[in-house]
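Each remark here refers to the structure printed beneath this line.
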Amino acid sequence: MTASDLVALSPLILLSATALVVMLSIAIRRHHGASATLALLGLAASFASLRWAASVTPRQVTGLLLIDGYTLFYWGVLLALAAAVVLLAYSYLEHQTGHQEEFYCLMLLATAGGLVLVASSHMASLFLGFEILSVSLYALIAYLHLQRLPLEAGVKYLVLAATSSAFLLFGMALLYSETGSMQLATLARFYMGAPNAALGAAGWAGTVLMLTGIGFKLAVVPFHLWTPDVYQGAPLPTTALVATISKGSVFALLLRWFHPAGSLAGTPVWWAFVIMAAASMLAGNLLALRQNNVKRLLAYSSIAHMGYLMVAFVAAGPLAVQAATYYLLAYVITILGAFGIMSVLCSGEEECCELEDYRGLFWQRPVLAAMFSAMLLSLAGIPLTAGFLGKFYVMAAGASSALWLLLFVLVASSTIGLYYYLRVLVVLFSSLPEDHVKVMLPRGRVPAGAGFSLAVLVILLFVFGLYPAPLWDLIRGISAGIG
Amino acid sequence: MFLLGLAGLLTRRNLIFTLMCVEVMLNASGLAFVAAGSRWGQVDGQVMFLFIVAMAAAEVSVGLAMVLQFHREHPTLDSDAGDEMRG
Amino acid sequence: MLNLLWLAPALPLTSAVLLAIFGSRWPRKLVSLAGVGSIGLAAVASMLVAWSFLTAPPPGNAFVLPLWTWMAAGSFRPEFGLYLDPVSLLMLLVVTFVGFLIHLYSTEYMRGDEGYARFFAYMNLFVASMLLLVLGSNLLVLYMGWEGVGLCSYLLIGFWYRDAANVRAANKAFLVTRIGDTAFAIGLFLLFTQLGTLDIQQLMQRAQSQWPAGSTLAIAAAALLLGGAVGKSAQLPLQTWLPDAMAGPTPTSALIHAATMVTAGVYLIARTHVLFTLAPEVQLVVAVIGAATLLMAACSALVQRDIKRVLAYSTISQIGYMFLALGLGAWSAAMFHFMTHAFFKALLFLAAGAVIQSLHHEQDMFRMGGLRRELPVAFWSFVIGGSALAGLPLLTAGFFSKDLILWQSWAGLNGSIWFWLCGMLGALLTSLYTYRLVFLVFYGTAKSHVSERPGLAIKLPLAVLCVLSIFAGYLDTPPHFGGVPRLSNFLNSTLPALEEVHVGPVITEVTTALTASLVFLAGFSLAYLLYYRRRVEQPAESALARFWAAGWGFDTLYSWIFVRPFVWLAEVNRRDIVDSLYTALASLTQASNGLLQRTETGHVRWYASGLAIGSAVFLGLVWWMR
Amino acid sequence: MILLWLIAILILAGVLAAVAGRFNAAAPRVISLAALVLDLALCLGLWGRGLSSASRWSEELSWTWVPQLGIHFHLALDGLGLVLILLTMFLGIMAVLASWNGIQRSPGFFHFNVMWVLAGVTGVFLAVDLFLFYFFWELMLVPMYFLIAIWGYQRRIYAAVKFFLFTQISSLLMLIAMIVLVILHQRTAGFYSFDLQDLLATPLAPDMEMLLALGFLAAFAVKLPAFPFHTWLPDAHAEAPTAGSVILAGLLLKTGAFGMLRFVLPLFPHAVQRLAPLMMTLAVLGILYGAILAFAQNDLKRMVAYTSVSHMGFVLLGIFALNPIALQGVVVQMVSHGISTGALFVLAGALNERLHSRELRDMGGLWETMPMLSGVGLFFVMASAGMPGLGDFVGEFMVLLGTYQATPVLSALAALGMITGACYALRLAQKTFLGPNVHHSDFPDARWNERAIAVPMMVCLLWIGLYPQPLLNMIRPAIDNMPRQAVTARR
């Protein structure tokens, strides 16, 4: 462990330190604002140190972590997302009874877990990152433990995530026994069918079991069943966290180690991915079709979006990695924005997630409603928004690998998807009945922090949707090594 | 052992049993790691086992706390009682 | 002077536009001035043109006035131009002059109507369209006029729009003629595609040089044009609209549905006679249609109660004569009969209008009677017009024109005794129904009170038309009677003269004329016996009479064959069957949503089994594919 | 640069209208009208300057947008585009005038949407980069969706969603086809490009060409709409507010035809030849089917909507007749259908404003009290029925004439559309203006804005009907630029 290694790890270290500091500060004196500020400062410091870390990359830190441009890019994304979540959580938690401060500590830990996951190059670090993330999420989901729904969601997530960890571990064990190495790079070599490195039955079985664990985190069909319940039950900032940081980091990992050069193409595991992609797109969108709870609706839509992402994933070639990365970025921005707006609107004790609560929002809060519409349109993949370009790149990736079936499923299912986004839009813009007095959506001011983060998200949404060239260059740069 | 845990998970409704079954599955994986490590003559498997045990402990502590709270809300430990959210 | 030609259609058109825009705000006098004056000026312009044409015939006896290129797309560049030759000159004169008289008549006839300006706008527009039809140098321009007169006919039949029956009649007229028009349009496509132009003269030249006689293309082209002609001229099988068209104001019936528009089909065939010559089969069909129509319509005319419907069927029948003539190649005879018919039929309609107006819009002949003394002008008009229609020998115009057709129906190249017999039978019926009408309306006891008597604006046109109905016949008297066929000679530069082949000792023009005179007498005597002496007071009620009165059941037939299936189809499919396909798709997705929603039970054990089952499936997949 | 301004003015005016609408209810319509008039003036200026004879495009603008994929912000104008943007601005003005008084709810947002739809449509007519085209293609959907869903009639939500879904699924198919085309081009040429000009040279295997052509056609056939993809149209047209219907019928449908002319014919000349019989058959079916359904409707707006199906059948027929006469007829038909049907929708809107009903049974005898409106209505009904001397006739006639040269039988069948067309036109006139005034309706005749709409539209139709040459001259070079393989000129 050299000094350069430490420099490379500095964002992770700073982040973990912040989590500790926040915890200590709570021990000294409880203050919501202070904890949030500390968390933000820590995230900012960690983000700033990315530049510093960039000066010594790429670098393999011990056998466990690989810090390169790809890692740093995702770290940056995760840190920025975490910062946005902090801002949104602050305004949300202000209205909640009970302790608020620990949320930041747990959240930072979850983010740290995500960072580890992205950087991991070894089964052990993979597992550690996975678990740091999971365990923090258990607590975060059930954070409002005095309410029934979060608790129920927490228990469900706990049981299922632990089970999926068991699957993951068992799979890793099988692979280890087959290959004799826990280095993910070695594994990738096996997949690539390097000489003298063919996988036996146990190896493939292990791969499938690992996929179960990873698929659970990504919530792809058939490992998706938990998603709506957890999304619905968890407090909104946690939901945002699950939807963005958890999925983002796991997908980054998947993309790096399982994608190499489309090596999986044609193998049974590749087919498994194809089936997952198609089933996720269809089932996710179909499930959301008549959903009246917006959180559940977004949960189902997230299943579908993971399906779209999988299309890019199963495609071969550099375009695929870039498309997947772009899509992921667009998606997390959008979904974070959507949950952010919901959390700003639902500033009461009770969350307002029923579709009816949003009726006529446009005529009351035009700016927020317009932002929400933009997010929905981005999810639906309509031009001007990042979501459109994301879908465009995914289609390009799919088309360049001639994945016709998946593309047609994509077309059909995103049309189904459009239907329920439009349903929400219709409600947003529909007229209010005369006697309908809105209690749920007070005409309060949007808190500055949350407002700021929302504004940034919306701007990013349009910037990435309209002028993707610089971002595309960046993605091309960092993904040069992969795929 | 893994399958045993899985079977228990799927059949038992009591949350405590559910948690125990998960533990069984985790331990099964740990054992598998140790066995694999011994196959290749490496210590890595045993290291992983340690990680697993530590993580299982963390998990169970959070899990039990939640189950407790759950029991307070629902006067049962039946996991199927928690089905307020569905559809 | 010939360059003034464009004024003829332009003046009425301008007036129509002005009346349509400002008419409702103008005083009635100004409206009359614009409406009648524009036609009057057009008539004057036509006469100047005619004078110049006759005194100094242009080279080739034809004059072209190009205006502009309508549209140019590649080789398709129809000229918007006017073409004047003896045939169109004759039509021009008749249309403007008769049109002027009818407009003048209308100033009195329509004076109490709230849609006075609207009426004149439509009428002027009609005259403009009709002149375009007549003068168009290009089939496309002709077609534009063709549709334009159809539109005006529709507007004028439905002029009294408050009565739904009138609107229905208007719709019927428009639709039935539209069927013919469509055939016409397809004919245009064919002609252009094959011959590369729509200019009438070039077209005829190219057809002559490129198509052998009896070639399929010529037959097809001629048949399609015939379709258009049949529709517009109310011949079998598209004759059903004309009797209903009598719902329009009487001047309209006189101008459009008697004198001018309905003869457009005759004009079209005469204009494109080269094609018909190249397609002898089709030409024969024209003759057969004419013969059949003239008999059928004459029978129907015999049993009508409505004075205007009698005249309408009579019009159909007379146009049948013209078609018969065309079908036999007696082009100029057809045009001659067109001219005389325009005069005497306009006269009859206008006189009928005078009667109708005097009797508070009573049209049932069986409620009239004894009007001879009350309405002497109308009476004499009817006597003169009717005699011309029935063909009172030697005195009236109708005799000469009909006689020419009858004679040529036998003597011509395609002629035969059957056509001749049909014509004679038709003449008998014509004479019978004409005098039936005269006796029913003007003799016997008065049954209605005459409320007003026609004024000068009505009397004057009647008088002029009476004169024309008598003397127009002398334009073309048979040489055998020592006359000179001036009109036929004049038209011969455009329409070739008929070769008279079937001439024998018995078959002479003199015998034909004598037979025709006898037939006329027979018809007159029969009418005299039945409707004057015996004074039949009730219309015939036999099944045959009812069948004839209903126009030989064509309406019912078409209703069952075309109208009802179409309406049924429309009604059945109002909700658009194709849409149910998409609705089914939508329901399918909804159903699968319901199905999938059941998987979200909320039970954690089921969710865990999802993990297990998923892994098992993928393990199986790997196992199976390995 | 002027091309960018054409779009930018509309976009900015939309934003301005939305902002101004918060302070003053009358401001948005004035702003929109001013912007459209300005744009129309610019277009007229472009027209006055004449088409460039030297180059393919008389006006062009190209900026790099996403260099990694060879995407350019590439706008270009030729005669075809010019004709259609003239129509866009013209109908835009009419749409704004038609909704001058009718919009109570949030006029700012309403005009924002109108302006953005028009901006999208303008963009579609100008884009020659496939990606940019798709971008604008989708851009016009969302505001249109809002126009229907917010300001529409009773079943507006259903209609709006249906419209959006139909369009979306078909456009995604087109997007895939575009991407595949670009990738195939990249494989042969070595670089990515979405530029139409680059892609024209892509060598394609026959089957692949067919598939790609079908992908493009999917989007355009739905938008046109061709039978049997037309069922979104009656709902959308009938439920949209007047301005929305005018823009839908007048412009959005034209983008489908435009897409075929601009992209499908040049890009896939061989596939087009193979597809022609099928598409022409569909077109004829559409003509007759639309007309019969129009005849059956009891709702005035639905009736007019189905007439569009019928008329667009002529357009489709003409496109796939694949000869210059038919193609020029297609453009004339597009323009005149836009005007005549747009006018009929304005009329339906005007009647609805007075009667608060679109049902034919609530009408009848309107001539008695509204002679001017009825007379004008009859004029447009007759235009729609293809009366010579009015614009639709010229288009229809040229289309049928061109089609006859390709396939006489289909042309003859399509000509039956003239009869069925007369059926619905007469029924429309009969049930609304004519007949007895049984409901004793007594409403004010045409208002100033209705007159201001009717007069220019009538003048335009007459002008196209009697002297369409300026129009044809504008279109001609674009038609001549069609590849020889696709368009065969006989003789």
Side-chain angles (χ1 to χ4, degrees), chain A residues 63 122-124 127-128 130-132 134-136 138-139 141-142 145-149 151-183 202 206 209 228-233 287 290-293 295-296, chain B residues 1-3 5-6 9-10 15 18-19 21-42 44-45 47-52 54-74 77 79 81-87:
Chain A
H122 189 273
M123 285 184 187
F127 168 66
L128 280 177
F130 215 80
E131 286 308 322
I132 298 172
S134 293
V135 176
S136 335
Y138 305 152
I141 289 169
H145 58 92
L146 296 177
Q147 294 174 16
R148 288 167 73 99
L149 294 188
L151 189 66
E152 188 186 319
V155 169
K156 281 178 179 170
Y157 190 70
L158 174 99
V159 171
L160 294 170
T163 315
S164 78
S165 297
F167 273 94
L168 179 79
L169 282 171
F170 202 79
M172 290 200 297
L174 286 178
L175 275 171
Y176 176 48
S177 74
E178 177 95 9
T179 62
S181 165
M182 289 209 267
Q183 286 293 335
L209 291 182
D229 291 6
V230 170
Y231 270 51
Q232 187 191 352
L287 275 165
R290 285 192 295 181
Q291 185 50 249
N292 284 325
N293 182 306
K295 276 170 101 180
R296 286 183 84 84
Chain B
M1 199 164 154
F2 186 81
L3 289 177
L6 188 59
L9 177 69
L10 299 186
L15 272 175
T18 310
L19 279 183
C21 292
V22 172
E23 284 307 301
V24 171
M25 288 169 75
L26 284 173
N27 284 334
S29 334
L31 199 63
F33 262 113
V34 174
S38 72
R39 179 181 169 192
W40 300 102
Q42 295 171 342
D44 296 20
V47 173
M48 278 304 278
F49 184 70
L50 285 180
F51 277 135
I52 292 171
M55 169 262 169
E59 197 151 288
V60 166
S61 61
V62 179
L64 284 176
M66 271 198 227
V67 169
L68 214 62
Q69 191 68 36
F70 186 83
H71 186 62
R72 204 178 289 163
E73 296 282 336
H74 309 264
L77 280 177
S79 66
D83 61 351
E84 274 180 58
M85 297 178 289
R86 61 180 158 189

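Values in this document were obtained by computation on a predicted structure and should not be read as measured data. Side chains are part of it too, since the values below use all heavy atoms of this structure and drop only hydrogens, waters and symmetry mates. Every chain is numbered from 1, with letters handed out A, B, ... down the list of sequences.
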Side chain, backbone, both or neither: which part of [X] has a heavy atom under 4.5 Å from chain B?
X	answer
A/Phe167	both
A/Ala153	both
A/Gln232	both
A/Ala142	side chain
A/Leu128	side chain
A/Ser164	neither
A/Val135	side chain

If we define contacts as heavy-atom pairs under 4.5 Å, which of [options] has the most with chain A?
options	result
B/Ala35, B/Gly37, B/Ala58	B/Gly37
B/Gln69, B/Glu23, B/Arg72	B/Gln69
B/Val62, B/Asp44, B/Val47, B/Asn27	B/Asp44

Run the ring pair (Phe, Tyr, Trp, His ring centres under 6.0 Å) test on B/Phe2 and A/Phe170 for me, step by step, so that the C-alpha distance in whole Å, both residues' side-chain angles and the decisive distance to 0.1 Å come before the verdict.
CA-CA 8 Å; B/Phe2 186 81; A/Phe170 202 79; 4.3 Å; yes
Pairwise distance OH(A/Tyr157) to OG(A/Ser134) - rounded to 0.5 angstrom:
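Atom-to-atom, A/Tyr157:OH and A/Ser134:OG are 5.0 Å apart.
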The test is side chain to side chain contact (heavy atoms under 4.5 Å, CB included); show your working for A/Glu131 and B/Phe51 and say whether it passes.
CA-CA 10 Å; A/Glu131 286 308 322; B/Phe51 277 135; over 6 Å; no
Go through the atoms of [X] and report whether side chain, backbone, both or neither lie under 4.5 Å from a heavy atom of chain A.
X	result
B/Leu26	both
B/Met55	side chain
B/Ile52	both
B/Met25	both

Applying salt bridge (Lys or Arg N to Asp or Glu O under 4.0 Å), name anything that partners A/Glu152, two or more places apart in sequence or on another chain.
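A/Lys156.
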Side-chain heavy atoms of A/Leu169 within contact of B/Met48, under 4.5 Å:
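Result yes, sub-4.5 Å side-chain heavy-atom pair found.
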Note, B/Val60 side chain near B/Leu19 side chain (heavy atom, < 4.5 Å):
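Sidechains of B/Leu19 and B/Val60: no contact.
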Can B/Val24 and B/Leu9 be said to form a side chain to side chain contact (heavy atoms under 4.5 Å, CB included), step by step?
CA-CA 10 Å; B/Val24 171; B/Leu9 177 69; over 6 Å; no
Among A/His145, A/Arg290, A/Met123, which residue forms the greatest number of heavy-atom pairs with chain B at distances under 4.5 Å?
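Counting heavy-atom pairs under 4.5 Å, the top option is A/His145.
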Is a side-chain N or O of A/Gln147 found less than 3.5 angstrom from the main chain of A/Leu149, in a donor-acceptor match?
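No; judged by distance alone, with no hydrogens or angles, the pair does not exist.
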So, B/Trp40 side chain and A/Tyr176 main chain: donor-acceptor pair closer than 3.5 Å or not?
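Yes, because the side chain of B/Trp40 sits within donor-acceptor range (under 3.5 Å) of the backbone of A/Tyr176.
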For A/Thr163, check side chain to side chain donor-acceptor pair (under 3.5 Å) against everything at least two apart and list the hits.
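Side chain to side chain donor-acceptor pair (under 3.5 Å) check on A/Thr163 returns nothing, list empty.
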